[in-house]
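Here's the structure, in structure tokens; my notes come after.
The shown structure was predicted, so the numbers you read here are calculated from the model rather than taken from an experiment.
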Amino acid sequence: MANDKEFDIVVVGTGNAALSAAVSASEEGAKVLMLEKGPENKRGGNSFFTDGAIRFAYNDLDGISKVVDSLSTDELACIDMPKYAEEDFHKDLMDVTQGKSKPELANLLVSKSYETILWMKEQGVNFVMNENQFFEKDGRKTFWGGLPVKTENKGIGLVEALFKKAQENGVEIWYESPAVKLEQEEGHISAVHVKKENDETLTVKTKSVILANGGFEANKKERMKYLGDQWENAVVRGSEYNTGDGITMALEVGAQRAGQYDGCHAHTTDYNAPRVGDYSKPGDIYKKSSYPLGLIVNQEGERFVDEGADFRNYTYAKYGKETLKQTNQKAFQLYDSQVQPMLRVEYNLEEATKIEANTLEELAVKMGVDKTAFLKTIEEYNAAVQEGDYNPSIKDGKSTKGLTPEKTNWALKFDQAPFFAYPVTCGITFTFGAVKVNDKAEVLDEQDQPIKGLYAAGEMVGELFYHNYPGGSGLMSGSVFGRTAGRSSANFVGQKSLI
């Protein structure tokens, strides 16, 4: 590989955001190179591990039918689909980020979400209905939570479709080729230093760089520095290569740090899950998301969150972090036989750690929790459950009274044997702190001016997510900002005018 390699645009990373950027830029006629830190069999970034659920403003069932080709007329007739317009998506985003999501970025994400889904479909990404987002009764499927669609074959299907399109468009991809440094010439990005075998560094000349290589979630030192010491041993739910390299490179050329550096997306995951993403078992199979239907206790045998505060789409990131605060960073999700049939598919996989018992006493012993405290917790919970209609497809208001914390929805007595417990811990997905970006995906300097030729997408975008995020909006952000970065970058290098 000669030192005089030159590309119009270099995209750092190979996840959904990077692929969206590369495909978008190559559509505009740009000569594009993608750089992947890992080997080819570990490409795809965090997107490779996602369940594929993606949030967008579909408006109504007609909007869904334009995205999901596989729905027959008969199937459509049996679906109850709540309206989910741009204002609903925007409200969800602002609610969970406590109003802190930067308006310019939030508006881009929301307003371009449906358009971008249709664009992804044009690129060969197939979409299917999300089997985890509806409850079926009397032959009718009632969807909930603004997340009815996912990519076919989860994240693997998403990235493989985009890799295929990128390669059709002439995008070149280098593996085991981490970007380590950016060069500037007269205020413009002019080159990328790439580390090759034997620590040889190759200089790739370019007119523009799009950083889309994730946050610092897989960097133990950075996690502890920004998130706290308790994050030292958190399970890394995705790519082992997301160690903050893009942020470091951007800061070195004058980018402004932005976003919530002490915030991240986290999720309860199987206590015995691999410590980093296992590429032989993709598809987010270790997560545990049905907790609103059950109870959660710690090793002291006590509840510590309101399991029924909202649908899991709006609480799982928050509750993952709460699990991290418990003894041994461990908790147990509990279900009895009346709700066990309603659990998501991951609870029945062979990889799931499951404890089963015919009595509460036996369950406590098998879990290794304080038996006396555990039995008292269940007894007090059962006594506090109020009458009401149970309906897991809506926030049904069927609650407890007199507990701390209460369970405010979906509160059924825990009394139908056999009983099941699933040990969980906290897994980190991605970090919220990154660099300052505008709605053209341009990276900004300390004076809020664009660094010419430098763009960012995906987890590299600071100020979009704070505290929490609506499920499925991370993938959507990667697609929207990736596509935006690709088009903006291609426009910058003069390939074509933006349409």
Dump the intermediate steps for side-chain hydrogen bond (donor to acceptor under 3.5 Å, both in side chains) on N169 and S26, then the final yes or no. CA-CA 6 Å; N169 288 4; S26 59; 3.0 Å; yes
Can you name the ring-ring contact (aromatic ring centres under 6.0 Å, His included) partners of [X], sequence neighbours left out?
X    : value
H265 : Y316, F430, Y469
Y226 : F216, Y261
W119 : none

Counterpart residues, side chain to side chain contact (heavy atoms under 4.5 Å, CB included), relative to [X] (two or more places apart):
X    : value
T50  : L475
S337 : Q416, P418, F420
T142 : D80, S393
E240 : K42, V276, Y279

Quick check: closest heavy atoms across [X] and [Y], and the distance to 0.1 Å?
X    : Y    : answer
T323 : C426 : CG2-N, 4.3 Å
P392 : L293 : CB-CD2, 3.9 Å
E6   : K31  : O-NZ, 3.2 Å
T431 : L227 : CG2-CD1, 4.3 Å
P282 : I285 : O-CG2, 3.5 Å
G397 : N409 : N-OD1, 2.6 Å

Walk me through it: do T206 and D8 pass the test side-chain hydrogen bond (donor to acceptor under 3.5 Å, both in side chains)? CA-CA 5 Å; T206 186; D8 296 320; over 6 Å; no
Scan for salt bridge (charged side-chain N to carboxylate O under 4.0 Å, His left out) pairs involving residues 309-323, sequence neighbours excluded, and state none if there are none. D310-K395, E322-K325
Salt-bridged, [X] to [Y], with N to O below 4.0 Å?
X    : Y    : answer
K91  : D88  : no
E168 : K164 : yes
K165 : E122 : no
K398 : D389 : no
E350 : K354 : no
R55  : D92  : yes
D69  : K121 : yes

Please report the interatomic distance CH2(W231) to CZ(R223), rounded to the nearest 0.5 Å. 9.0 Å
Nearest 0.5 Å, what's the CG-OG distance between N213 and S239? 9.5 Å
Which residues pass the salt bridge (Lys or Arg N to Asp or Glu O under 4.0 Å) test with E351, not counting sequence neighbours? K281
Would you say [Y] and [X] are linked by a side-chain donor-acceptor pair, where the criterion is simply a distance under 3.5 Å?
X    : Y    : result
E442 : N438 : yes
R237 : T429 : yes
N59  : E86  : no
E28  : N491 : no
N132 : S289 : no
E217 : N46  : yes

Side-chain donor/acceptor of S208 to backbone N/O of G453, under 3.5 Å: yes
Just by modelled atom types, is the R43 backbone N or O under 3.5 Å from a matching donor or acceptor in the T14 side chain? no
Can you check side-chain hydrogen bond (donor to acceptor under 3.5 Å, both in side chains) on Y335 and Y347, steps first, answer last? CA-CA 11 Å; Y335 307 97; Y347 288 82; 3.0 Å; yes
Determine whether the aromatic ring centres of residues F311 and W144 are separated by less than 6.0 angstrom. yes
Applying ring pair (Phe, Tyr, Trp, His ring centres under 6.0 Å), run through Y291 and Y319 and close with a yes or a no. CA-CA 10 Å; Y291 59 83; Y319 287 2; 5.7 Å; yes
Could you walk me through whether F49 and D284 satisfy the side-chain contact (heavy atoms from CB on, under 4.5 Å) test, starting with their C-alpha distance in whole Å, then the side-chain angles of each, then the deciding distance to 0.1 Å, before giving a yes or no? CA-CA 5 Å; F49 295 95; D284 205 5; 5.7 Å; no
Hey, mind stepping through D306 and K407 against salt bridge (charged side-chain N to carboxylate O under 4.0 Å, His left out) and telling me if it holds? CA-CA 5 Å; D306 176 359; K407 185 173 183 184; over 6 Å; no
Sorted by first residue and then second, give each ring-ring contact (aromatic ring centres under 6.0 Å, His included) pair with at least one member in residues 70-107; sequence neighbours left out. Y58-Y84
With side-chain hydrogen bond (donor to acceptor under 3.5 Å, both in side chains) as the test, would you mind laying out the steps for E36 and Y241 before giving the verdict? CA-CA 9 Å; E36 168 55 54; Y241 301 111; over 6 Å; no
Residues in side-chain hydrogen bond (donor to acceptor under 3.5 Å, both in side chains) contact with S47, at least two apart in sequence or another chain: none
Which residues satisfy the side-chain hydrogen bond (donor to acceptor under 3.5 Å, both in side chains) test with Y390, sequence neighbours excluded? none
Derivation and outcome, side-chain contact (heavy atoms from CB on, under 4.5 Å), residues I210 and V10: CA-CA 6 Å; I210 301 171; V10 175; over 6 Å; no
